[in-house]
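Given the structure is predicted, the values throughout are model-derived calculations rather than measurements. Residue numbers start from 1 in every chain, and the chains themselves are labelled A, B, ... in the order their sequence lines are given, proteins ahead of strands.
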Amino acid sequence: MSGRAVVVTGIGLVSCAGEGLDAHLAALDAGAPARTDAETYAPYPVHPAPALAWDGQIPKKSDQRQMELWQRLGVYAAGLALDSAGVKDDAAFKGNLHLVVAAGGGERDYAVDGAILTGLRDAADPGAYLNERLQNDLRPTLFLAQLSNLLAGNIAIVHGVTGASRTFMGEEAAGVDALRIAQARIASNQIDAMLVGGSYSAERPDVMVIHEMGGFLHTPAFQPVFAREGEGGFILGSCAAFLVLEAEDAARARGARAYARLGPVASDRTRRAPGSVGASLAALWHQAGLAHPATVISGATGVAPITAEEQASLHQLAPDATVTALGDIVGHGLEVAAPFGAALAAGLVAETGLAEVAVTTVGHRRGEGVLRLSAA
Amino acid sequence: MTRDSHRDAQGRRLVAVTGVGIVTSLGQGQDENWIALTAGRSGIHGIARFPTDGLRTTIAGTVDFLAAEPMVAPALSERFAATAAEEAVAQARIGRAGDFPGALFIAVPPVEMEWPQRQALAEASGGNEAVTYAGLQRAAATRRFDLWHDLFIFGTVADRIADRFGTKGSPISLSTACSSGATAIQLGVEAIRRGEMTAALCIGTDGSVNPESLIRFSLLSALSTQNAVPETASKPFSKNRDGFVMGEGAAALVLEDSEAAAARGATILGYVLGCGEKGDGFHRTRSSPDGAPIIAAIRAALDDAGVGPDGIDTINAHGTSTPENDKMEALGCMAVFGERMGQLPISSNKSMIGHTLTAAGAIEAVVSLLTIRHGRIPPTINYAVPDPVIPLDVVASARDERVERVLSNSFGFGGQNTCLVLGSEPA
């Protein structure tokens with residue numbers, strides 16, 4: 001059942017390419033990342049966050065201080081999305097606006113962690129030492145900057161988006177499912193509008209530890225996603241993307257501009273085996289209702305062998321389409337990949353008049369998703 | 001015109017509960033938990049899992065009879081979830097083993113690498129100089145720790161539960177802080193109402209009593225420090241309450257389109273009649289002083305269920321035993337239920353099992369269904385010194401009463417407020 005048409009009426013984007021839709025359409029055109037920092041976290045390159053005038057979206061310094069980078073990026077992008085939907089100053093609209101966030105968790109205090117690990121080596125009583133150091137050295141508010149659902153909490157506080165929020169965790173698939181659930185709730189008349197998105201800070205040594213375990217990080221310098229050799233891997237990118245989704249009739253009634261329609265989102269979790277990703281994408285492609293998109297924005301991670309499988313699958317599904325790896329524009333932002341791809345695709349549909357654009361997301365460990373953005 | 005018996009007053013599919021499972025510090029399974037809960041037994045005790053030297057709070061409602069390897073929050077949470085889900089799926093007699101005919105919605109605690117693993121990496125980084133994250137990264141690059149990648153990413157618990165039970169589609173891992181368990185149920189209800197599936201497995205689980213998690217809550221002054229007599233520390237609605245006690249556990253519910261459940265001859269345990277939620281942008285950890293979001297969430301749940309305040313027989317409170325929560329929850333309830341609040345039984349399971357955080361909304365939904373089934377309201381133990389500013393009918397010892405509908409409240413950091421209405425029959 002497809003139900004009501006759902007349109008994208010607001011887009012907020014932040015990445016190494018800058019902020020806003022125009023900067024990202026230009027980056028998409030260029031087909032290469034605007035900035036790569038291969039030095040700071042060597043051997044791991046990252047696509048760093050741009051310099052932002054935080055005050056523009058997060059007016060209170062006290063709010064800025066309460067957040068770590070991943071939250072600030074997300075709150076900033078959410079503000080851009082509300083601006084672009086023309087609802088930033090509409091307190092009533094925002095007070096009823098529901099939110100689905102796709103996110104992991106927040107930063108750590110690297111100095112504290114290092115000092116504790118160093119001290120633990122010679123601690124006579126390691127348990128007591130750990131307790132004492134954590135109790136004395138952890139900033140109480142750091143917890144709130146780490147909690148997954150506090151990105152949504154900060155969006156409520158800073159922007160007054162207080163319908164209600166739900167935070168989906170679980171890497172790439174969380175971003176796909178956030179869009180899937182939001183689209184379905186609107187299409188089925190359960191709700192009229194939703195703010196959906198996520199944010200990710202790549203400039204975090206702790207996430208590099210997590211993804212180095214398993215060998216998922218590409219080193220030492222940028223290579224295009226589909227040209228990474230051997231085991232491949234991803235280059236993390238600091239990024240955030242939010243979309244305002246609305247029922248088409250509701251958007252029209254308030255005179256909002258619809259960038260594109262978002263069709264029912266197709267997602268699945270197949271047991272990974274040779275060929276499973278390609279087969280899953282093919283099934284989801286048809287489920288999403290894609291016909292002949294001229295452009296595909298792929299969230300491919302660069303991880304082997306699934307990236308090559310996706311490429312081969314896309315070549316069969318859309319032999320004439322231009323396939324652009326989102327990772328080549330903004331890097332890999334895990335939970336953010338699908339919302340970022342969807343927002344960029346919606347922008348592309350609006351700016352170029354393309355009939356439909358496909359967005360794919362294949363999780364580095366699990367989960368596949370296909371989205372269809374089409375002319376509104 | 002007669003109403004389709006499988007539709008609610010708004011014409012939506014009715015959502016039945018056909019199986020439940022529960023694990024708390026009081027035991028494993030509905031029977032053990034129900035006996036302990038109605039006997040007013042406490043599951044709170046001194047923490048034995050790790051050294052508590054120097055901590056301000058040294059008690060918790062840990063689940064000590066189930067273990068995981070390694071003993072880290074995601075692995076333990078997975079174990080609790082699997083245990084609760086086995087019970088729920090078996091009771092529902094749905095699908096075949098490893099082939100659950102519906103989706104998975106699971107509330108899991110946010111995942112992070114933990115100290116034993118950080119220490120192992122630090123050790124493997126070698127050298128005698130100060131430990132840095134660059135060293136941990138070098139250790140990770142030895143490939144010796146590759147199995148920990150999956151252990152410490154957010155989607156793994158759901159992935160493994162999905163594999164084990166054969167749920168369909170992409171499983172959803174979610175967090176709405178301390179209302180997560182209720183949100184998992186709400187997502188399942190909505191999916192069934194949309195007609196996307198006829199069954200959903202909804203789980204809330206939490207096994208995160210470890211030093212850093214405990215200390216984080218402690219640093220926010222959220223925890224009780226009444227360590228001397230652990231079983232009396234959690235005292236919701238009492239004047240001398242001083243914070244919550246961390247708890248662990250899980251609950252699972254098999255939700256079904258009532259028509260599909262009836263068609264396969266399933267025993268219906270009750271219905272999720274309504275779900276309501278409302279965000280709060282006042283503060284990161286505190287509720288709006290006027291209680292408006294809590295009031296709105298309760299009203300939204302009642303509206304969604306199609307019942308008025310008079311249709312509720314008892315409230316399964318969020319009742320954390322923090323000064324803030326219990327005051328605000330009482331304020332919200334009094335605003336919605338008015339004078340009737342003086343005679344409307346309200347009780348907090350957290351007095352016995354502590355605050356099971358991510359799992360709480362699901363555990364308390366299961367207890368609400370058991371309350372309906374047995375016609376007995378579990379007590380709020382330790383209610384010796386009532387708080388005079390919140391004059392409620394707190395159930396101090398188990399009370400036998402016919403209960404057709406329960407309001408179950410869940411509130412969390414980050415402005416999360418989620419309420420459920422559970423009932424014996426369609427509204």
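Within the 4.5 angstrom heavy-atom criterion, no atom of B:Gln117 approaches chain A. Residue B:Pro293: no heavy atom, backbone or side chain, is found under 4.5 Å from chain A. Only the side chain of A:Leu150 comes within less than 4.5 Å of a heavy atom of chain B; its backbone N, CA, C and O stay farther away. Residue contact with chain A, scored on non-hydrogen atoms closer than 4.5 Å, is absent for B:Thr142. Heavy atoms of A:Asp113 lying under 4.5 Å from chain B belong to its backbone as well as its side chain. B:Arg56 touches chain A through backbone and side chain together, each having a heavy atom under 4.5 Å away. For B:Leu121, the part lying under 4.5 angstrom from a heavy atom of chain A is the side chain only. Interface remark: B:Ala158 contributes no atoms to any contact with chain A (heavy atom separation under 4.5 Å). With a 4.5 Å cut-off on non-hydrogen atoms, B:Ile215 touches chain A through its side chain but not through its backbone. Using a 4.5 Å cut-off between heavy atoms, B:Ala297 makes no contact with chain A at all. Both the backbone and the side chain of B:Val108 have a heavy atom closer than 4.5 Å to some heavy atom of chain A.
Residues passing the side-chain hydrogen bond (donor to acceptor under 3.5 Å, both in side chains) test with B:Glu212, sequence neighbours excluded: A:Arg108, B:Trp115, B:Arg216. Partners of A:Asp206 by side-chain hydrogen bond (donor to acceptor under 3.5 Å, both in side chains), not counting sequence neighbours, listed by chain and number: A:Tyr110, A:Arg204.
A salt bridge is absent between B:Glu123 and A:Arg121: the closest approach of a Lys/Arg side-chain nitrogen to an acidic carboxylate oxygen does not fall below 4.0 angstrom. One finds no salt bridge joining A:Arg272 and B:Asp159 here, because no Lys/Arg side-chain nitrogen approaches an Asp/Glu carboxylate oxygen to under 4.0 Å. Here B:Asp163 does not pair with A:Arg366 in a salt bridge; the nearest charged N to carboxylate O distance is not below 4.0 Å.
Residue B:Phe413 holds its CZ atom at 10.0 Å from CG of A:Asn149, rounded to the nearest 0.5 Å. B:Ile153 contributes atom CD1, which lies 6.5 Å from atom CZ of A:Arg365 (distance to the nearest 0.5 angstrom). Here the OG1 atom belonging to B:Thr132 is positioned 10.0 Å from the CG atom belonging to A:Leu117, to the nearest 0.5 angstrom. Separating the CG atom in B:Asn417 from the OG atom in A:Ser165 is a distance of 9.5 Å, to the nearest 0.5 Å. Atom-to-atom distance recorded for B:Arg284:CZ and A:Ile157:CD1 is 4.0 Å, nearest 0.5 angstrom. Distance check: A:Phe168 CZ to B:Leu174 CG gives 6.5 Å after rounding to the nearest 0.5 Å.
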- [ ] Apply the test side chain to side chain contact (heavy atoms under 4.5 Å, CB included) to residues A:His364 and B:His149: give CA-CA distance (whole Å), side-chain angles for both, the deciding distance (0.1 Å), then the verdict.
- [x] CA-CA 11 Å; A:His364 74 287; B:His149 174 268; 3.0 Å; yes
Open item on the list: With side chain to side chain contact (heavy atoms under 4.5 Å, CB included) as the criterion, how do A:Ser148 and B:Phe154 come out once you've worked through the C-alpha distance, each side chain's angles and the decisive distance to 0.1 Å?
Closed with: CA-CA 10 Å; A:Ser148 303; B:Phe154 288 82; 3.8 Å; yes
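Between chain A and the options B:Leu136, B:Asp150, B:Asp280, heavy-atom pairs under 4.5 Å are most frequent for B:Asp150. For the set B:Ser218, B:Ala122, B:Ala162, the count of heavy-atom pairs under 4.5 angstrom toward chain A peaks at B:Ala162. Chain A forms the most heavy-atom pairs under 4.5 Å with one residue out of B:Gly54, B:Pro211, B:Ala300, B:Ala177, and that residue is B:Ala177. When B:Ala130, B:Gly135, B:Gly415 are compared by the number of non-hydrogen pairs under 4.5 Å with chain A, B:Ala130 comes out ahead. Note on B:Leu187, B:Thr183, B:Thr418: by heavy-atom pairs under 4.5 Å with chain A, the leading option is B:Leu187. Of the residues considered (B:Ala296, B:Ser180, B:Ser213, B:Ser175), B:Ser175 shows the highest number of contacts with chain A, using heavy-atom pairs under 4.5 Å.
A side-chain N or O of A:Gln190 and one of B:Arg194 form a donor-acceptor pair less than 3.5 Å apart. A donor-acceptor contact closer than 3.5 angstrom is absent between the side chains of B:Ser170 and A:Asp268.
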Anything under 3.5 Å between a donor and an acceptor, one on a side chain of residues 213-220 of chain A, the other on a protein residue two or more places apart or in another chain? List them.
{"residue": "A:His218", "atom": "NE2", "partner": "A:Ala221", "partner atom": "O", "Å": "2.8"}

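Atom CD of B:Gln10 sits in a crowded spot, with more than 12 heavy atoms from other residues, nucleotides or ligands closer than 6.0 Å.
Here the side chains of A:Leu138 and B:Leu219 are in contact, with some heavy-atom distance below 4.5 Å. B:Thr176 has its side chain out of reach of A:Thr167: every pair of non-hydrogen atoms, C-beta onward, lies at least 4.5 Å apart. Annotation: side chain of B:Ile172 is in contact with side chain of A:Arg180 (closest heavy-atom distance under 4.5 Å).
In this structure, A:Glu212 contributes its side chain and B:Gln137 its backbone to no donor-acceptor pair below 3.5 Å.
Shown here for A:Arg269 and B:Pro171, the closest heavy-atom pair between the two residues is CD-CD, 3.6 Å. Counting all heavy atoms, side chain and backbone alike, B:Asp53 lies closest to A:Ala128 at CB-CB, 3.7 Å.
Proximity to chain B among residues 91-103 of chain A is limited to A:Gly95, A:His98, judged by heavy-atom separations below 4.5 angstrom.
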